[in-house]
Asker: 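My questions will all concern the structure given below.
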Protein chains: 2
Amino acid sequence: MTTKAAPFDELDRKIVAALIENGRASFAEIGTSIGLSATAVKRRVDRMRENNIITGFSATVRPAALGWLTEAYVEVYCDSAAPPRRLAEVVRNHPEIAAAMTVTGGADALLHVRATDVEHFEEVLERIRTEPFIRKTISYMVLSHLIPDSPEAGAPRPSTPDRAANQR
Amino acid sequence: MTTKAAPFDELDRKIVAALIENGRASFAEIGTSIGLSATAVKRRVDRMRENNIITGFSATVRPAALGWLTEAYVEVYCDSAAPPRRLAEVVRNHPEIAAAMTVTGGADALLHVRATDVEHFEEVLERIRTEPFIRKTISYMVLSHLIPDSPEAGAPRPSTPDRAANQR
DNA sequence: TATGAAATCAATAGTAC
DNA sequence: GTACTATTGATTTCATA
């Protein structure tokens with residue numbers, strides 16, 4: 001069972017869309033725009049949070065404003081059969097890795113890395129390449145975003161904006 | 001002038017971190033955790049929104065729950081000198097493109113594409129390849145996320161969850 | 001140019017229907 | 001699904017360092 005008994009309808013869709021656009025919109029405000037009472041909207045939101053359709057709320061931050069000026073995608077090649085379990089552990093050890101996934105194609109994984117500057121990025125890369133079963137990496141530096149206000153052009157992981165903030 | 005007169009201090013950093021973790025946290029709550037009054041927190045948040053340090057608030061959504069089951073990164077190769085202006089326009093025409101950036105390396109751009117399923121993805125790819133100056137694309141399908149709750153494992157662009165929602 | 005305290009207004013969380 | 005209500009949060013005003 002992939003879907004459970006979650007009657008996800010058009011109204012839910014509109015509520016989610018509204019909350020993606022403005023995560024602090026009030027239930028009353030959303031309700032007005034879709035023709036529902038605030039209470040009804042709240043109950044639907046609560047249900048969607050229960051069902052992990054909505055997993056949370058977050059501020060969108062311009063990373064450059066916090067000192068994260070460098071960004072790259074890194075292909076990772078592992079020894080023989082890469083164990084995704086272990087790879088996940090490794091990835092969590094480096095807070096500069098904003099996202100990581102296994103992918104089809106030659107590489108075993110693709111990392112999205114954020115760093116304060118090129119020097120910092122090089123340091124991260126060296127750290128990653130030191131990990132046991134990582135054989136090689138290929139980096140693609142991000143030059144500019146073609147969709148500037150997309151969520152992914154956004155914030156780094158909350159865990160460690162420390163270094164960035166200090167480096168200004 | 002890159003920074004203007006924005007005295008971004010340790011307290012601001014903590015507020016931002018708190019709001020990234022929970023975008024609906026109350027000012028009082030944040031204030032208590034960092035030793036500031038709700039009023040002071042609100043004023044700092046307002047200032048950071050003014051200064052575009054915080055650009056907005058958004059719900060985090062599990063795309064699979066909305067029917068976006070397929071995800072890929074697509075390298076795009078353009079004819080001769082690719083004009084980033086035009087490329088940005090093209091990218092905006094395809095709502096399935098969640099993020100797009102120019103990158104170093106062989107490719108001119110890297111796209112993050114979300115689709116409901118493989119069939120839908122193929123359709124998107126054909127649409128992209130039909131665009132005037134796009135010469136070739138190379139796709140890397142995402143198999144699994146190694147950081148499941150990262151923001152980027154999150155929602156597609158608010159513009160068009162329509163197709164996904166209908167396709168359940 | 002910052003803060004905090006108090007008053008007011010709006011939103012949320014319950015409850016009942 | 002709505003209506004009503006107690007509580008909580010947001011916001012404004014004012015005083016202070």
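Chain letters run A, B, ... following the sequence lines, proteins first and then strands; every chain starts at 1.
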Asker: Whole Å only: how far is the CG atom of A:L36 from the P atom of D:dT2?
Answerer: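 Between P of D:dT2 and CG of A:L36: 5 Å.
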Asker: Which of the following nucleotides, C:dT12, C:dA2, D:dT2, is nearest to the side chain of A:A40?
Answerer: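 Looking only at side-chain atoms, A:A40 lies closest to D:dT2.
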Asker: For the residue pair A:H112 and A:Y73, does the interplanar ring angle fall in the parallel (under 30°), tilted (30 to 60°) or perpendicular (over 60°) class?
Answerer: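 Parallel, since the angle between the ring planes stays under 30°.
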Asker: A:S26 has a side chain; which of D:dG1, C:dT3, C:dA11 sits nearest to it?
Answerer: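 Nearest nucleotide to the side chain: C:dA11.
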Asker: Whole angstroms only, please: what is the CG-P distance between A:L11 and D:dG1?
Answerer: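 In whole Å, D:dG1 P and A:L11 CG are 7 Å from each other.
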Asker: May I ask you to say what B:T39 touches in the nucleic acid, namely base, sugar-phosphate or nothing, with a heavy-atom cut-off under 4.0 Å?
Answerer: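 Base: the residue B:T39, judged by heavy atoms under 4.0 Å, touches a nucleobase.
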Asker: If I take atom CG in residue B:D12 and atom C1' in nucleotide C:dT3, what distance separates them, rounded to the nearest angstrom?
Answerer: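 Distance, rounded to whole Å: 14 Å.
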Asker: Does A:T137 use its side chain to pair, donor to acceptor, with the backbone of A:E75 at less than 3.5 Å?
Answerer: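 Such a contact is absent between A:T137 side chain and A:E75 backbone.
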Asker: Write down the distance between CG (B:L19) and P (D:dG9), rounded to a whole number of angstrom.
Answerer: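 The answer, rounded to whole Å, is 15 Å.
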Asker: Rounded to the nearest Å, what distance is computed from the CG atom of residue A:D46 to the C1' atom of nucleotide C:dA11?
Answerer: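 Rounded to whole Å, this separation is 14 Å.
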Asker: My understanding is that only one of A:R49, A:R44, A:K42 makes a side-chain hydrogen bond (donor to acceptor under 3.5 Å, both in side chains) with A:D46; could you say which?
Answerer: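 One option only clears the test, and that one is A:K42.
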Asker: How many whole angstroms separate atom NZ of A:K42 from atom C1' of D:dC4?
Answerer: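 That distance rounds to 16 Å.
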Asker: Just the rounded figure in Å: distance from P of D:dG9 to CZ of B:R24.
Answerer: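 Atom-to-atom, B:R24 to D:dG9, this comes out as 13 Å.
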Asker: Nearest nucleotide by nearest heavy atom, which residue falls closer to the 5' end of DNA chain C, A:R43 or A:F27?
Answerer: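 It is A:F27, whose closest nucleotide lies nearer the 5' terminus.
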Asker: Answer yes or no: does atom CD of B:E122 have more than 12 heavy-atom neighbours from other residues, nucleotides or ligands under 6.0 Å?
Answerer: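 Open: at most 12 neighbouring heavy atoms sit under 6.0 Å from CD of B:E122.
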Asker: How many Å lie between CZ on A:R44 and C1' on C:dT12, as a whole number?
Answerer: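 Going from CZ in A:R44 over to C1' in C:dT12 covers 18 Å.
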